[in-house]
Structures are given as C-alpha cells and as structure tokens.
Number of protein chains: 2
Amino acid sequence: MFSIGELSRRTNVKVPTIRYYEESGLLDAPERTEGNQRRYDAVGLERLSFIKHARDLGFSIEAIAALIDLQGHPDRSCAEANDIATAQLSDVRAKIKRLRALEKELARISKGCDGDGVTEDCYVLASLSDHGLCEREH
Amino acid sequence: MFSIGELSRRTNVKVPTIRYYEESGLLDAPERTEGNQRRYDAVGLERLSFIKHARDLGFSIEAIAALIDLQGHPDRSCAEANDIATAQLSDVRAKIKRLRALEKELARISKGCDGDGVTEDCYVLASLSDHGLCEREH
DNA sequence: ATACGATCTCTAGTGACTAGAGGTTCAAGA
DNA sequence: TCTTGAACCTCTAGTCACTAGAGATCGTAT
Ligand SMILES: [Zn+2]
Ligand SMILES: [Zn+2]
Ligand SMILES: [Zn+2]
Ligand SMILES: [Zn+2]
C-alpha cells in the first residue's frame, strides 16, 4: 500500500495527472486512509503503467479506456484491440506525412533568409505571404 | 468591401475562426456597417491569407503575431523572422523524430497480432503492459 | 507536541479552435 | 415597400489532456 506520491515516483506520472485519470475513469478509485488519502497496491501500479505506456505511444484516453475494457474480458476476441492499434499506427503515419511536407517547405523558407537583411526584403515573410512560392501542397 | 462570410470563402478560414483571430489580436478590427457587421478590404484579405498560410505551416498564434509585428517595421532586421522560422523547423523535425520512433513500435505491435485470438493472449495488450518488449525508447 | 511536507478538493487556465443559443441585419424577390 | 430567410452579431461553454494554484487537512518524524 502506497501513497499517490509514491505511485507518481514509480511511474513518472505526475500526481494531478493520476487524479485526472481516476476522474476520467481510466483508474479505479483506490482505497482511502481514514484521513481520506489514496492508497494504491500492485494492481493500481500495473494499471497506471499500462496507461502511461499507451499514452507515450500516443493513444488517446478514449482508446485506452477501450483497451482496458478489453483487458477485463480475457476470452473476448482481440480484433478490436488490433483495430485500435492499427488505427493509431495509421494516425501516426498520416502525421508523419504531413510533417514531412511541412519540413520541406520550412527548410526551403529558412534557407532563403540569412537573417542579415531587413524585413521588407525577407524571404521568410515573403514566403508566408505567398503560398505560390511553395513547391508543393502542405 | 466584403462580409466576413465572403472573406471566409476566399481564404478557407471559418467565420468563427476569423473572429477568434480578431479577438486574439492577429487581425485588426475591421470597419463595421451601420448595423454592426464587419466589412473587410484587400488589406484584411491579405493579412488573413498570411495567417492562414503560417498556420498551415504549423506556426503558433504567438509566433504569427511576432511575424506580423515584424512585417509592420519594414526597415528592421529580419533576424528575428529567421529565428522564428528556424525554431519552427526544429520543432517539426523533433516531432517527426518522435513520431518515427512511435511508428516503429506501433508497427511491431500491430504486426504481432492478427486479431484472431482472445484478448488474454493478445500481443497488442501484452506490449502495452510491458515496455520491455519495445525495441527502443520512445 | 510540533513542524512540515504530502495530500485533499475545487476552480481556472492552456491552445486553437468549435458548437450552440438567442437575437439582429442585409439583400433579394414579390 | 414589404417580406423572407440566409448571414450576421455576442456570449457562453465544450474540446483534449493536462497544469497551476488556493486553502485546508493529513501523516510522520523528531
Ligand atoms: Zn530574412
Ligand atoms: Zn505554402
Ligand atoms: Zn491480438
Ligand atoms: Zn515501450
């Protein structure tokens, strides 16, 4: 049995975030001391580690709630878990694609200015004013 | 002179977003009709196009405000504009790097599950429970 | 017994919008 | 000129995943 601060230290999840997860329904409300302080056990620690890892991989709170729900039904098909992971992967890939397009344009834009001129002639400002200078869509 | 709806159509920025930009100080408050409706001119259109383009490239409202301020002083050095663009490029690159690490782990995780088993044996759920299965940090 | 760090609840703020309520104005057609 | 209805107005609240702070209480070590 350990306090919320101890749980925080063991998982690298901040105390207010742990309370937020409880309020959001991701974490079960733990036991309390007589003085109303939360006390966790190994199950709580494992659960929070799962949540932390999933958040680090970019899953939304909603997706994590669904995954936790699945975990609670060990004999159900895991198709939905697979769907959630696949959707997350697609999402990440879409973000990468978009960011790569931005990277190309930004590299071009920042290369066009050495920071030595005046703003009137600045290629950064000119580029932002005119998408026609961009080499592709973004 | 045209309405906010017309400005919205020409820039592909939604009407409430235009009002939000005005409230945030990015757009000057335009003239109003006797009945209190906003009326824009070419200058407003140009300004909003600039903002839209910068937002599409991922610049924050705050950065855009700084860039607009620089635009208003044509004879000042453009070093700051260059700094802002460079910082944005670094930011995008850092995001790409992180997302690529996530992509690798997520690809491994979702490949390890074909969605045919039960959740008890699911590699997706096992991987989320145990960061030790990950091949690298993320 | 006292001190003091940790914990409690509650409210509000972040960024960049988006949605909705309830009311007013504009412009086109009759 | 009148009427209709789309477009406009302001204001509040909601989104996501936290983060910050106030003010009060608790737990534990000395
Ligand atoms: Zn420059
Ligand atoms: Zn562009
Ligand atoms: Zn599976
Ligand atoms: Zn991992």
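Keep in mind that the numbers below use all heavy atoms, side chains included, and drop hydrogens, waters and symmetry copies. So you know, we letter chains A, B, ... as the sequences are listed, proteins then strands, and number each from 1.
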Taking atom CG of Leu27(B) and atom OH of Tyr40(B), what is their separation to the nearest 0.5 Å? 6.5 Å

Separation of atom CE in Met1(B) from atom P in dA7(D), rounded to whole Å: 21 Å

By the ring pair (Phe, Tyr, Trp, His ring centres under 6.0 Å) test, which pairs, at least two apart or in different chains, include something from residues 111-133 of chain A? His131(A)-His138(A), His131(A)-His53(B)

Taking only heavy atoms on the protein side, list every residue of residues 14-31 of chain B lying under 4.0 Å from any atom of DNA chain C, sorted numerically. Lys14(B), Thr17(B), Tyr20(B), Tyr21(B)

Interatomic distance, Leu57(B) atom CG to Leu89(B) atom CG [nearest 0.5 angstrom]: 11.0 Å

Is the side chain of Ser8(A) donor-acceptor paired with the backbone N or O of Val13(A) at a distance under 3.5 Å, no angle test? yes

Is Arg47(B) reaching over with its side chain to a backbone N or O of Leu26(B), donor-acceptor style, under 3.5 angstrom? yes

Measure the spacing between OG of Ser3(A) and CZ of Arg39(A) and express it to the nearest 0.5 Å. 5.5 Å

I'd like to know if the side chain of Thr119(A) and the backbone of Pro74(B) have a donor-acceptor N/O pair within less than 3.5 Å. yes

Using ring-ring contact (aromatic ring centres under 6.0 Å, His included) as the criterion, list what pairs up with His73(B), not counting sequence neighbours. none

Taking any heavy-atom pair under 4.0 Å as a contact, classify Arg9(B): base, sugar-phosphate, or nothing. nothing

Check whether Gln88(B) reaches the backbone of Gly58(B) with its side chain - one donor and one acceptor, N or O, closer than 3.5 Å. yes

Using atom types as modelled and distance alone, determine if a side-chain donor or acceptor of Asp41(B) lies under 3.5 Å from a backbone N or O of Gly44(B). yes

Using a 4.0 Å cut-off on heavy atoms, which residues in residues 82-103 of chain B reach DNA chain D? List them by number, or say none. none

For the pair Asp91(B) (side chain) and Ala94(B) (backbone), establish whether a donor and an acceptor sit closer than 3.5 Å, ignoring hydrogens and angles. no

Is Arg100(B) paired with Glu103(B) through a side-chain N to carboxylate O contact shorter than 4.0 Å? no

Contact pattern, 5' to 3', of nucleotides 22-30 of chain D - B, S or - by protein heavy atom under 4.0 Å: ----SS---

Closest-nucleotide 5' rank along DNA chain D - winner of Ile61(A) and Ile4(B): Ile4(B)

Checking Thr33(A) side chain against Gly35(A) main chain: does a donor-acceptor pair fall under 3.5 Å? yes

Reading DNA chain C 5' to 3', which nucleotide is the first, and which the last, to come under 4.0 Å of any heavy atom in chain B? dA16(C) to dC26(C)

